[in-house]
2 protein chains.
Amino acid sequence: MNQSRDIVSKLSERGYRLTPQRMMILSAIKNSNDHTSAEEIYTQVAAKYPHINISTVYRTLELLKKLGLVTETNLGEGRVRYHPADKGHHHHLVCQECGTIIDLDESVLSSLKSALLQEYKFSADLRHLAIFGRCVKCSK
Amino acid sequence: MNQSRDIVSKLSERGYRLTPQRMMILSAIKNSNDHTSAEEIYTQVAAKYPHINISTVYRTLELLKKLGLVTETNLGEGRVRYHPADKGHHHHLVCQECGTIIDLDESVLSSLKSALLQEYKFSADLRHLAIFGRCVKCSK
DNA sequence: AAACTAGTTGCAAAGAGTTGCACAAACCAT
DNA sequence: ATGGTTTGTGCAACTCTTTGCAACTAGTTT
Ligand SMILES: [Mn+2]
Ligand SMILES: [Mn+2]
Ligand SMILES: [Zn+2]
Ligand SMILES: [Zn+2]
């Protein structure tokens with residue numbers, strides 16, 4: 001796993017410290033197959049290190065987002081979900097009626113991204129978006 | 001104002017009741033010039049009717065959203081903002097570095113909307129979106 | 001006008017996420 | 001190794017929003 005090494009160096013390069021808590025949180029995120037929540041990460045880490053606090057999980061996720069190592073998305077469940085950035089970018093269409101989720105390739109938003117960059121010089125962060133609306137069935 | 005009448009009928013048609021609380025909350029939203037928050041609506045209504053509860057405000061906003069009478073947006077302040085749907089749709093580019101907000105016309109997302117409809121038969125709700133990223137200055 | 005019924009409200013408690021602060025620990029320099 | 005500097009952590013309190021429940025009331029029927 002030279003991924004871990006990348007992360008370690010990315011942290012120390014920028015003056016962040018490599019703490020046991022951060023390493024455990026990172027491996028919890030990598031071990032999760034799919035989108036994880038802060039609570040799930042907390043539970044997994046707490047199994048081995050009960051002293052950990054949930055606010056440390058939130059603060060670490062904040063940091064990993066800033067470093068571009070995890071992406072976050074709100075699928076409308078009342079809680080945010082995360083996954084490793086290196087597992088490929090994609091988006092989700094979420095039906096507000098029946099809850100169906102359609103997965104979308106990153107490319108669907110690439111023309112929007114470049115339009116915003118050209119017209120507004122705005123560099124939009126369009127990784128891992130959730131777009132709400134109605135699926136075919138629920139559109140009546 | 002036959003707008004009010006529209007709302008009254010929109011409520012009763014679907015079996016919802018027209019309560020004093022709902023009327024006060026509605027007029028509080030209409031009286032606000034710009035994006036309002038639940039707390040601001042609550043404060044305004046409570047000035048005349050101190051018995052009102054903030055959860056009623058949240059529930060009413062939920063209902064008005066469902067009826068398409070207000071739109072909601074999260075500008076990243078840790079609280080959601082609302083405004084009347086009939087005040088025109090638009091979007092916002094929010095710089096996560098400096099907080100600058102650029103207003104966007106509705107049309108910027110219309111080609112995305114039709115692409116999602118064609119390719120996925122998904123009717124996306126793209127009213128009043130906030131797109132995060134970095135403005136020119138903060139893009140270095 | 002009185003009763004009925006289903007939607008609505010207030011209240012209290014809970015959930016998700018954030019923040020200030022004092023103490024702890026990682027990293028760097030000696 | 002030792003000490004100092006600065007970042008990070010645990011904890012508790014707090015903010016925003018949601019939810020279960022019992023009491024209430026708008027709109028309808030008799
Ligand atoms: Mn995803
Ligand atoms: Mn707006
Ligand atoms: Zn659906
Ligand atoms: Zn900026």
Side-chain angles (χ1 to χ4, degrees), chain A residues 7-26 28-29 35-43 45-46 48-67 69-70 72-82 96 99 130, chain B residues 4-5 7-26 28-29 35-43 45-46 48-67 70 72-82 96 99 130 132:
Chain A
I7 291 167
V8 169
S9 49
K10 207 158 198 167
L11 284 172
S12 48
E13 274 169 23
R14 307 208 194 180
Y16 297 109
R17 292 176 186 170
L18 197 66
T19 66
Q21 288 92 333
R22 285 180 179 164
M23 299 206 280
M24 288 187 281
I25 291 168
L26 259 165
I29 296 170
H35 304 140
T36 337
S37 68
E39 190 67 36
E40 286 168 6
I41 294 167
Y42 170 74
T43 303
V45 173
K48 293 212 167 181
Y49 179 62
H51 192 54
I52 189 131
N53 190 273
I54 185 96
S55 64
T56 300
V57 175
Y58 280 111
R59 283 189 279 227
T60 301
L61 285 168
E62 194 67 27
L63 174 62
L64 296 176
K65 260 194 297 175
K66 199 164 71 180
L67 296 179
L69 298 171
V70 307
E72 163 190 300
T73 199
N74 179 355
L75 264 21
E77 331 158 73
R79 124 194 29 194
V80 166
R81 297 207 167 260
Y82 303 85
Q96 283 170 319
Chain B
S4 306
R5 209 157 291 154
I7 293 166
V8 170
S9 48
K10 208 157 197 168
L11 284 172
S12 49
E13 273 170 23
R14 309 208 191 179
Y16 298 110
R17 293 181 184 164
L18 196 64
T19 66
Q21 288 92 333
R22 284 180 180 166
M23 299 206 280
M24 288 186 282
I25 291 167
L26 260 165
I29 297 169
H35 305 141
T36 337
S37 69
E39 190 67 37
E40 285 168 6
I41 294 167
Y42 170 75
T43 303
V45 173
K48 294 210 167 181
Y49 180 62
H51 193 54
I52 189 129
N53 190 276
I54 186 96
S55 64
T56 301
V57 175
Y58 280 109
R59 283 190 279 228
T60 301
L61 286 168
E62 193 67 25
L63 175 62
L64 296 175
K65 260 193 299 175
K66 198 163 72 181
L67 296 177
V70 308
E72 163 189 301
T73 200
N74 179 355
L75 265 21
E77 330 159 75
R79 123 194 28 194
V80 166
R81 298 208 166 259
Y82 303 86
Q96 282 169 318
F132 298 94

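Proteins come first, then strands; the chains are lettered A, B, ... in the order of their sequence lines, and each starts at number 1.
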Any residue meeting side-chain hydrogen bond (donor to acceptor under 3.5 Å, both in side chains) with A:T36, in chain and number order, not counting sequence neighbours: A:S32
Over all atoms of both residues, closest heavy-atom pair of B:M24 and B:V45: O-CG2, 3.7 Å
Whichever of B:S12 and B:A38 has its nearest DNA chain D nucleotide further upstream toward 5': B:A38
Pairing residues for B:R81 by the salt bridge (Lys or Arg N to Asp or Glu O under 4.0 Å) criterion, not counting sequence neighbours: B:E40, B:E77
Nucleotide D:dG8, atom C1' - distance to CG of A:L67 in whole Å: 14 Å
Salt bridge (Lys or Arg N to Asp or Glu O under 4.0 Å) involving A:E72 - partner list, sequence neighbours excluded: A:K65
All side chain to side chain contact (heavy atoms under 4.5 Å, CB included) counterparts of B:N53, not counting sequence neighbours: B:S55, B:T56
Angle of first-five versus last-five pair axes in the helix from C:dA1-D:dT30 to C:dT30-D:dA1, to 10 degrees: 20°
Spatial distance of atom CD (B:E62) from atom CG (B:L67) [nearest 0.5 Å]: 10.5 Å
A:I52 and A:I25: CA distance, side-chain angles, deciding distance, side-chain contact (heavy atoms from CB on, under 4.5 Å) verdict: CA-CA 10 Å; A:I52 189 131; A:I25 291 168; 4.3 Å; yes
Spacing of B:E77 atom CD relative to D:dT15 atom C1', expressed in whole Å: 13 Å
With B:L26 via side chain to side chain contact (heavy atoms under 4.5 Å, CB included) - residues at least two apart: B:I7, B:L64
Side chain to side chain contact (heavy atoms under 4.5 Å, CB included) against B:L18, all qualifying residues, sequence neighbours excluded: B:V8, B:L11, B:M23
Qualifying residues under side chain to side chain contact (heavy atoms under 4.5 Å, CB included), relative to A:I54, sequence neighbours excluded: A:E39, A:Y42, A:Y58
Sugar-phosphate, base or nothing in reach of B:Y42, heavy atoms under 4.0 Å: nothing
Residue-level proximity of residues 13-22 of chain A to DNA chain C when a heavy atom falls under 4.0 Å: A:R17, A:L18, A:P20
Spacing of B:R79 atom CZ relative to D:dT17 atom P, expressed in whole Å: 7 Å
Any N/O pairs under 3.5 Å between the protein and nucleotides 18-24 of chain D? List them or say none.
unit_1 : atom_1 : unit_2 : atom_2 : d
D:dG20 : O6     : B:R59  : NH1    : 3.3

Heavy-atom closest contact (B:A130 atom, B:N74 atom, distance): CB-O, 3.4 Å
Spacing of A:H51 atom NE2 relative to D:dG8 atom C1', expressed in whole Å: 12 Å
Note, A:I29 side chain near A:L69 side chain (heavy atom, < 4.5 Å): no
B:A38 to B:V57 - nearest heavy-atom pair and separation: O-CG1, 3.7 Å
Nucleotide interval of DNA chain C bounded by contacts with chain A (heavy-atom cut-off, under 4.0 Å): C:dA16 to C:dC27
